[in-house]
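Numbering of ligands and ligand atoms starts at 1, following listing order. FYI, the numbering just counts along the sequence from 1.
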Amino acid sequence: MKVRKAVFPAAGLGTRFLPASKAIPKEMIPVVDKPVIQYIVEEAVASGVEQVIFVTAQGKSAMEDHFDKAYALEDLLDKRGKQKMLGDCRDLWTRVEVVSVRQHEPLGLGHAFACARNVVGDEPFLGMLPDDLVDNPGYPCAKQLVDVYNKYQCSVVALMKTPRELIDKYGMVVSKPVSDNVVQVFDCVEKPKPEDAPSDLGIVARYLFTPEIFQALSETKPGAQGEIQITDAIARLARKGRVYGCIFKGERFDAGDKLGYLQATIHYGLKHPELGAQFKAWLKNLVQGI
Ligand code: UTP
């Protein structure tokens, strides 16, 4: 079955990005000239997605507005002959359908995915964290997962080799290689101590779930913080042999974290078609003076 939908859980409180994220959703904070979430919607569209489902909360409506038609603005740009800007604004609401559902309380990432159950229905879907950027324009990370799904017809998680000091921030997997960059996952542990981690492969920011995930989530009990962890539901499916992992190719930035955000800004600033060359010259000068 074709993967047509992507769920973006965006109902978290964004405490790592305070005070910037107090009144503005952290997903709407710009990297160079686009909000973070736009990069990820573009990755979804480039991977074949036709419908994006935002899981949102109070104070997050700027995300829906960004992907909606802004009639007065478009009319003005049209009258002033600003066709390039007009095209960029129109692309936001014409290239993909955006639907949103609410998560009334931030009860965890697993719970956020469960909130999208009725809109997803009985089909495979991508899960994409809207504050996590993975740059690979030639082969988007989400498309890499879709290709693994098409081959194995199971859920797929994006995996990366995780430095020891970061292991306690990720779900770490027990797995066996099946090809160059694909593994079968047999179990996973949420945020273990480095000495207890089953491997150095951690789950990051992109998932492709079959509808089986919803049953697994409904059987998953909240953890110590009262949150339903997606890693626990993935572990249930993995123990039944229903999960593969894709060691993705691409540069990844956790833009929900201040350092990751700064790194993303430099990365995308250097690549920017209009600003990149000037920015690079300025940055070189700056670095020489440090
Ligand atoms: P994070 O832990 O990175 O986001 O969750 P957070 O909770 O917003 O931020 P911090 O840790 O307090 O800084 C990963 C993604 O899952 C969503 C978040 O919005 C984020 O995109 N999420 C998390 C939900 O949608 N609901 C939740 O209950 C928890």
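Taking CD1 of Ile234 as the reference point, atom CD1 of Ile213 lies at 5.5 Å (rounded to 0.5 Å). Rounding to the nearest 0.5 Å gives a distance of 5.0 Å between CG of Leu145 and SG of Cys246. In this structure, NZ in Lys284 is found 10.5 Å from CG in Leu270, a value given to the nearest 0.5 Å.
Ranking protein heavy atoms by distance to atom 22 (N) of ligand 1, first place goes to Gly12 N, 3.7 Å. Scanning the protein for heavy atoms near atom 3 (O) of ligand 1, the closest one is Arg16 NH2, 2.8 Å. Shortest contact from atom 28 (O) of ligand 1 to any protein heavy atom: Gly108 N, 2.8 Å. Scanning all protein heavy atoms for the shortest distance to atom 25 (O) of ligand 1 gives Ala11 N, 2.8 Å.
The ligand atoms of ligand 1 that sit less than 4.0 angstrom from a heavy atom of Thr15 are 9 (O), 10 (P), 12 (O), 13 (O). Annotation for ligand 1: atoms under 4.0 Å from non-hydrogen atoms of Pro130 are 21 (O). Counting atoms of ligand 1 from 1 in the listed order, those under 4.0 Å from a heavy atom of Pro106 are 28 (O). Near Leu109, meaning under 4.0 Å from any of its heavy atoms, are these atoms of ligand 1: 16 (O), 29 (C). Contact atoms of ligand 1 toward Leu107: 28 (O) (distance under 4.0 Å to a heavy atom of the residue).
Using modelled atom types and a 3.5 Å distance limit, the side chains of Glu212 and Thr210 yield a donor-acceptor pair. For the residue pair His111 / Glu227, no side-chain donor-acceptor distance below 3.5 Å is found, with atom types taken as modelled. Under the 3.5 Å distance criterion, with hydrogens and angles disregarded, a donor-acceptor pair is assigned to the side chains of Tyr139 and Asp147.
Closest approach of Val183 to Pro177, counting heavy atoms only: CG1-CA, 3.9 Å. For Thr56 against Ser100, the heavy-atom pair with the smallest separation is CG2-CB, 4.3 Å.
Between Val120 and Phe209, the closest side-chain pair of non-hydrogen atoms is not below 4.5 Å. The closest side-chain heavy-atom distance from Gln51 to Arg4 is not below 4.5 Å. Put simply, the side chain of Lys176 reaches to within 4.5 Å of the side chain of Phe186, judged on heavy atoms. Residues Arg90 and Arg95 have side chains not in contact (no heavy-atom distance under 4.5 Å, counting atoms from C-beta outward).
Taking 4.0 Å as the cut-off, Gln103 counts as a neighbour of ligand 1 on heavy-atom distance. For the ligand labelled ligand 1, residue Ala10 lies inside the 4.0 Å heavy-atom shell. Ligand 1 has at least one atom lying under 4.0 Å from a heavy atom of Asp131. Residue contacts with ligand 1 include Glu27, since one or more of its heavy atoms lies under 4.0 Å from the ligand. Residue contacts with ligand 1 include Lys26, since one of its heavy atoms falls under 4.0 Å from the ligand.
In terms of polar-atom proximity, Gly256 is not counted as a contact of ligand 1, lacking any N or O under 3.5 Å from an N or O of the ligand. Residue Phe17 has no nitrogen or oxygen atom sitting less than 3.5 Å from a nitrogen or oxygen atom of ligand 1, judged on distance alone. Ligand 1 has no nitrogen or oxygen under 3.5 angstrom from a nitrogen or oxygen of Glu105. Residue contacts with ligand 1: Ala112 is placed with no nitrogen or oxygen under 3.5 Å of a nitrogen or oxygen of the ligand (distance criterion only). Inclusion of Val55 in the set of residues having an N or O under 3.5 Å from an N or O of ligand 1 is not warranted. In terms of polar-atom proximity, Gly14 is counted as a contact of ligand 1, with an N or O under 3.5 Å from an N or O of the ligand. By the 3.5 Å distance cut-off applied to N or O atoms, Pro9 is counted among the residues near ligand 1.
The heavy atom nearest to atom 14 (C) of ligand 1, out of those in Ile230, Leu129, Asp257, is found in Leu129.
Taking the ring centroids of Phe253 and Tyr261, they lie at or beyond the 6.0 Å cut-off.
For atom 11 (O) of ligand 1, the nearest protein heavy atom lies under 4.0 Å away.
Relative ring orientation between Phe113 and Tyr207 is described as perpendicular, the plane-to-plane angle rising above 60° on a 0-90° scale split at 30° and 60°.
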